[in-house]
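Below is one structure, written out as structure tokens; the observations come after it.
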2 protein chains.
Amino acid sequence: MTPTEFRHLVRKNDYQKSTAGICPGFAQANLLVLPKVDAYDFLLFAQRNPKPIPILEVTEVGSRKLSRLGVDTDIAKDFPKYRIYRDGQLINEYLTIENYWREDLVSFLIGCSFSFEDLLIQSGIEIRHITENVNVPMFNTNIPLHPAGKFSGNVVVSMRPIKSSKIATAVSVTNRLPAVHGAPIQIGNPEEIGIFDLTNPDFGDAVTINNDEIPVFWACGVTPQAAVMASKPSFAMTHSPGHMLVTNLSNKELIV
Amino acid sequence: MTPTEFRHLVRKNDYQKSTAGICPGFAQANLLVLPKVDAYDFLLFAQRNPKPIPILEVTEVGSRKLSRLGVDTDIAKDFPKYRIYRDGQLINEYLTIENYWREDLVSFLIGCSFSFEDLLIQSGIEIRHITENVNVPMFNTNIPLHPAGKFSGNVVVSMRPIKSSKIATAVSVTNRLPAVHGAPIQIGNPEEIGIFDLTNPDFGDAVTINNDEIPVFWACGVTPQAAVMASKPSFAMTHSPGHMLVTNLSNKELIV
């Protein structure tokens, strides 16, 4: 299935699950939609925190269309699941946000680590949440973001258990893709970044960690949602964690 | 001399020339100061054009202080020379812009290719404008920038003549420093990018090109000034081309 075909499936609500493993080789994107009045603060926040918030594309005000990431795209319909936040409070999850669209909204499309999982698999690394057919485990950390205007908060990470003999490979493969979070930000010491129970993720699902594996943590595009909860802008719409936009942008175009 | 000592010299107006070759090993920065009302459009413009406009730091509104690039810094005094533009028209050059400062101004500090000249010299490459003790030659091109809001225009490039046998080295050395423009955007065919007379640069000075040398073009941090001239924001202040801020940021911290 091509990314465009997959988005058409999503647009009809015929796919509502996590997008890990979908359309290997193509970049996936996180979403944050904000009123224009908050857009400068957030764009500066992203500029100051490029590892957790690598911007892939920013729309024109009011537009639901993209250009770099795929022309046949509707931001309000092409993610499998959305969340709406008011004053930092999660209101609910939705299959479409068409009915909540406003002419003053700006959409930020942010790199997602699902994009590089295909390259890890090609390097002989098992991606546990794909094998176990669940959502990737994601955790809040104690690592503060550089604040900008009204936005602040802590980094959110995704976790993948990796065999000790494969960690160097995982680092070097992902280091070449800074636009989708790049190299891990921590390896092997969850307590140091404020994570005390790997069986109880803040977002997504727990996965098996075998005895010969070390937990490896990558910066995660759910970070803007944690910042929304901490910073309480009046209105924000996001994807639901793990439920990404599958873009037409090839990973190869992102490799440094 | 340390970067801090050099900035103190500049602050007393005791240095008013191009900063090429000053404080080898430390990053240098271009400047664009805009009213807050234009800051979102420009930050988005930079996000869409990271090669010519790599943002190193953005100040708080009204502040003349930096943090990442050096704490003992005064944006209004620490560049050897400034320019002021009104409605896209160059008004004049100034040794300080203290008297023109306003509480609604935001400063964008942008990577400069002077930063990597030290690494090129260490790789056995002569930097002709340093040898000839003149400003680097810079040219307007016909390469369009991705527009954002009120900002549009064409890329400006700096030119260095490089021996054919050293061009691959020049590419690989600078490719590792995307924060200061990275690899060249064109090698050896100036007409293709709209440059027809290498002896008559649009900014800076002409340099000798020997028979065994090819002109190599890097994206240049004067690009925002060309965009200001094309886009005509009501007010903008910049450095004078070639007259940069010498920062405390080591090039080593920028290497990818």
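Throughout, protein chains are lettered first and strands after them, A, B, ... in sequence-line order, and every chain is numbered starting at 1. Values below: all heavy atoms of this structure, side chains included; hydrogens, waters and symmetry mates excluded. In this text the structure is predicted, and so the values were computed from the model without any measurement.
- No more than 12 heavy atoms of other residues, nucleotides or ligands sit less than 6.0 Å from atom CZ of R176(A).
- Looking at V58(B), both its backbone and its side chain come within 4.5 Å of chain A, counting heavy atoms on both sides.
- Contacts of residues 106-125 of chain A with chain B at a heavy-atom distance below 4.5 Å involve V106(A), F108(A), listed in sequence order.
- Of all residues spanning residues 36-45 of chain B, those with a heavy atom less than 4.5 Å away from chain A's heavy atoms are K36(B), A39(B), Y40(B), L43(B), L44(B), arranged by number.
- Proximity to chain B (any heavy atom under 4.5 Å) is restricted, for V256(A), to the side chain, taken from C-beta onward.
- At a 4.5 Å heavy-atom cutoff, the contact between R48(B) and chain A is made by side-chain atoms alone.
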